2 protein chains.
Amino acid sequence: MQGLTELLKGSLEGIVLQHISCGETYGYEITHYLIDLGFEDIVEGTVYTVLLRLEKKGLLTVERRPSDLGPQRKFYQLNDAGADYLATFWKKWAFLVDKMAILEGEQKNDNSK
Amino acid sequence: MQGLTELLKGSLEGIVLQHISCGETYGYEITHYLIDLGFEDIVEGTVYTVLLRLEKKGLLTVERRPSDLGPQRKFYQLNDAGADYLATFWKKWAFLVDKMAILEGEQKNDNSK
DNA sequence: CCTCCTAGATAGTGATACTAAGTAGTGAAT
DNA sequence: ATTCACTACTTAGTATCACTATCTAGGAGG
């Protein structure tokens, strides 16, 4: 799916947080997970900037450990603040999904006189 | 609901288009419709900028007509391009909702050894 | 005259995803 | 040995978008 850029604003952060909440992981893995999920146009740069932002917000714990395949990996885990933030995110998302469903269900009222 | 700003990026455009598709309307009415829907923090300035953007994209037909209550109203209707654009928007939205549901369903896999 | 409601426009700001380019480690192919 | 491919992270710059704040303006009521 293409042209999701604007819709992803705000959601991508939650998407990344949610994936990290499933277990410790790192940027490169997250990127390929998202591509496999169907977000084909996501590139590494995008994911890394999200991760750095989440880290600056104090939502993640970070640990660098060597990889057996390449450079060091930067492993992330959710901390308590991250879990709270993620819970709030899902509430907002549920609100939006609910309102969008209401809107989508509304039919065209014929204004022809 | 507060703090929806980032999540609304990309969706607000579709929300406004969808409402217009239900019948000819104008900015002030749209604003109050959205507030009533639950988007309490939406203000007029935001809606007008969305409308001007949609107009520049060639998705709306515009007609100014006097109001019996105040200044002239600027009435909007979807044109064919707008209808196409809206259909594409709903496909993108459905894609995102689907992926988010998959993500939300994934449980924490316990990494404790 | 003043206030409130109706109705629209716009310059400036901040947040975000994306573009594009770079650095670096490892291993396989040539 | 050199090149290529894959792994892994960083960052400067850009475009888009919602929001802030302020402005103009018409009409109704006090």
Side-chain angles (χ1 to χ4, degrees), chain A residues 1-17 24-36 39-57 59-60 62-76 85 89 92 96 99, chain B residues 1-17 24-35 39-57 59-60 62-76 85 89 92 96:
Chain A
M1 176 76 56
Q2 294 170 39
L4 287 170
T5 299
E6 298 308 325
L7 273 181
L8 277 181
K9 288 188 181 176
S11 1
L12 184 58
E13 199 175 85
I15 291 171
V16 170
L17 271 179
E24 190 189 51
T25 185
Y26 55 98
Y28 190 80
E29 190 280 333
I30 296 171
T31 305
H32 289 276
Y33 171 77
L34 294 178
I35 292 169
D36 290 345
F39 297 104
E40 304 160 7
D41 296 339
I42 294 275
V43 292
E44 295 170 33
T46 301
V47 174
Y48 288 119
T49 52
V50 171
L51 287 169
L52 291 172
R53 194 166 71 234
L54 294 172
E55 189 183 339
K56 276 176 194 159
K57 285 185 183 174
L59 306 176
L60 303 174
V62 187
E63 195 182 341
R64 283 180 186 274
R65 290 204 301 275
S67 163
D68 48 346
L69 291 172
Q72 279 207 328
R73 290 172 180 164
K74 208 172 154 185
F75 286 93
Y76 292 99
Y85 192 91
F89 167 79
K92 291 182 195 169
L96 186 58
K99 298 307 174 191
Chain B
M1 176 74 59
Q2 294 171 37
L4 287 171
T5 300
E6 298 307 326
L7 271 181
L8 276 181
K9 289 190 180 174
S11 357
L12 185 57
E13 198 175 85
I15 290 170
V16 169
L17 270 180
E24 191 188 51
T25 185
Y26 56 98
Y28 190 79
E29 191 279 333
I30 296 171
T31 306
H32 289 277
Y33 170 78
L34 294 179
I35 292 168
F39 297 103
E40 304 161 6
D41 296 339
I42 295 274
V43 293
E44 295 167 32
T46 300
V47 175
Y48 288 121
T49 52
V50 171
L51 287 168
L52 290 172
R53 195 167 69 233
L54 294 172
E55 189 183 341
K56 278 176 193 160
K57 285 185 183 175
L59 307 176
L60 303 174
V62 187
E63 197 182 342
R64 281 179 186 275
R65 292 204 300 275
S67 163
D68 48 345
L69 291 173
Q72 278 208 328
R73 291 172 179 163
K74 206 172 155 183
F75 286 93
Y76 292 99
Y85 192 91
F89 166 79
K92 291 182 196 168
L96 186 59

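Note that this is a predicted model, so its numbers are computed, not measured. Protein chains get the first letters and strands the later ones, always in sequence-line order, with residue 1 at the start of each.
B:L17 has its side chain within reach of B:L60: a pair of non-hydrogen atoms, C-beta onward, lies under 4.5 Å apart. Using a 4.5 Å cut-off on side-chain heavy atoms (C-beta onward), A:I15 and A:L8 make contact. Contact check for A:V16 versus A:Y76: no side-chain heavy atoms found under the 4.5 Å cut-off. At a threshold of 4.5 Å between non-hydrogen side-chain atoms, the residues A:K56 and A:R53 do not count as touching.
Among C:dT6, C:dC18, C:dG14, the nucleotide with an atom closest to any side-chain atom of B:S67 is C:dT6. Comparing C:dT16, C:dA24, C:dT6 against the side chain of A:K57 picks out C:dT16 as the nearest. Distances were taken from every side-chain heavy atom of A:T5 (C-beta onward) to each of C:dT10, C:dA17, C:dT19; the shortest belongs to C:dA17. The B:K9 side chain lies nearest to C:dG14 when the options are C:dC18, C:dG14, C:dT6.
Note that the first and last nucleotides of DNA chain D, 5' to 3', having any atom under 4.0 angstrom from a heavy atom of chain B are D:dC17 to D:dG27.
As rounded to whole Å, 5 Å separates atom P of C:dT16 from atom CD of B:E6. Rounded to an integer number of Å, the gap from B:L4 CG to C:dT16 P is 14 Å. Atom CD in A:Q72 sits roughly 10 Å away from atom P in C:dT26 (whole-Å rounding). As rounded to whole Å, 14 Å separates atom C1' of C:dC18 from atom CD of A:Q2. Rounded to whole Å, the distance from CG on B:L51 to C1' on C:dT10 is 14 Å. Put simply, NZ on A:K92 is 12 Å from C1' on C:dA15, counting in whole angstrom units. Whole-Å rounding puts the B:L12 CG to C:dT16 P distance at 17 Å. Rounded to a whole Å, the CG atom of B:D68 is 13 Å from the C1' atom of C:dA7.
Residue contacts for B:G27: at a heavy-atom cut-off of 4.0 Å it reaches the sugar-phosphate backbone alone, with no base atom in range. Heavy atoms of B:E44 sit under 4.0 angstrom from at least one base atom. Among the atoms of the strands shown, base atoms are found under 4.0 Å from some heavy atom of A:G45.
The phosphate of C:dT6 (OP1 or OP2) has a side-chain N or O of B:Y28 nearer than 4.0 angstrom. Taking 4.0 angstrom as the limit, B:R65 places none of its side-chain polar atoms (N or O) nearer than this to OP1 or OP2 of C:dG8.
Between A:S11 and A:L69, the one whose closest nucleotide on DNA chain C sits nearer the 5' end is A:S11. Mapping A:P71 and A:Y48 onto DNA chain D by nearest heavy atom places A:P71 closer to the 5' end of the strand. Across the interface with DNA chain C, nearest-nucleotide mapping of A:G70 and B:R64 shows B:R64 to be the residue nearer the 5′ end.
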Give the C-alpha distance, both sets of side-chain angles, the deciding distance and a yes or no for side-chain contact (heavy atoms from CB on, under 4.5 Å) between B:L34 and B:L12. CA-CA 10 Å; B:L34 294 179; B:L12 185 57; 4.1 Å; yes
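At least one test fails for A:R73 against the ring of A:Y28: distance under 6.0 Å to the centre or angle within 45° of the axis.
Closest non-hydrogen pair, A:G3 versus A:D41, comes out as N-OD2, 4.4 Å.
Under the side-chain contact (heavy atoms from CB on, under 4.5 Å) test applied with A:V47, the options A:V43, A:L51, A:V50 reduce to a single match, A:L51.
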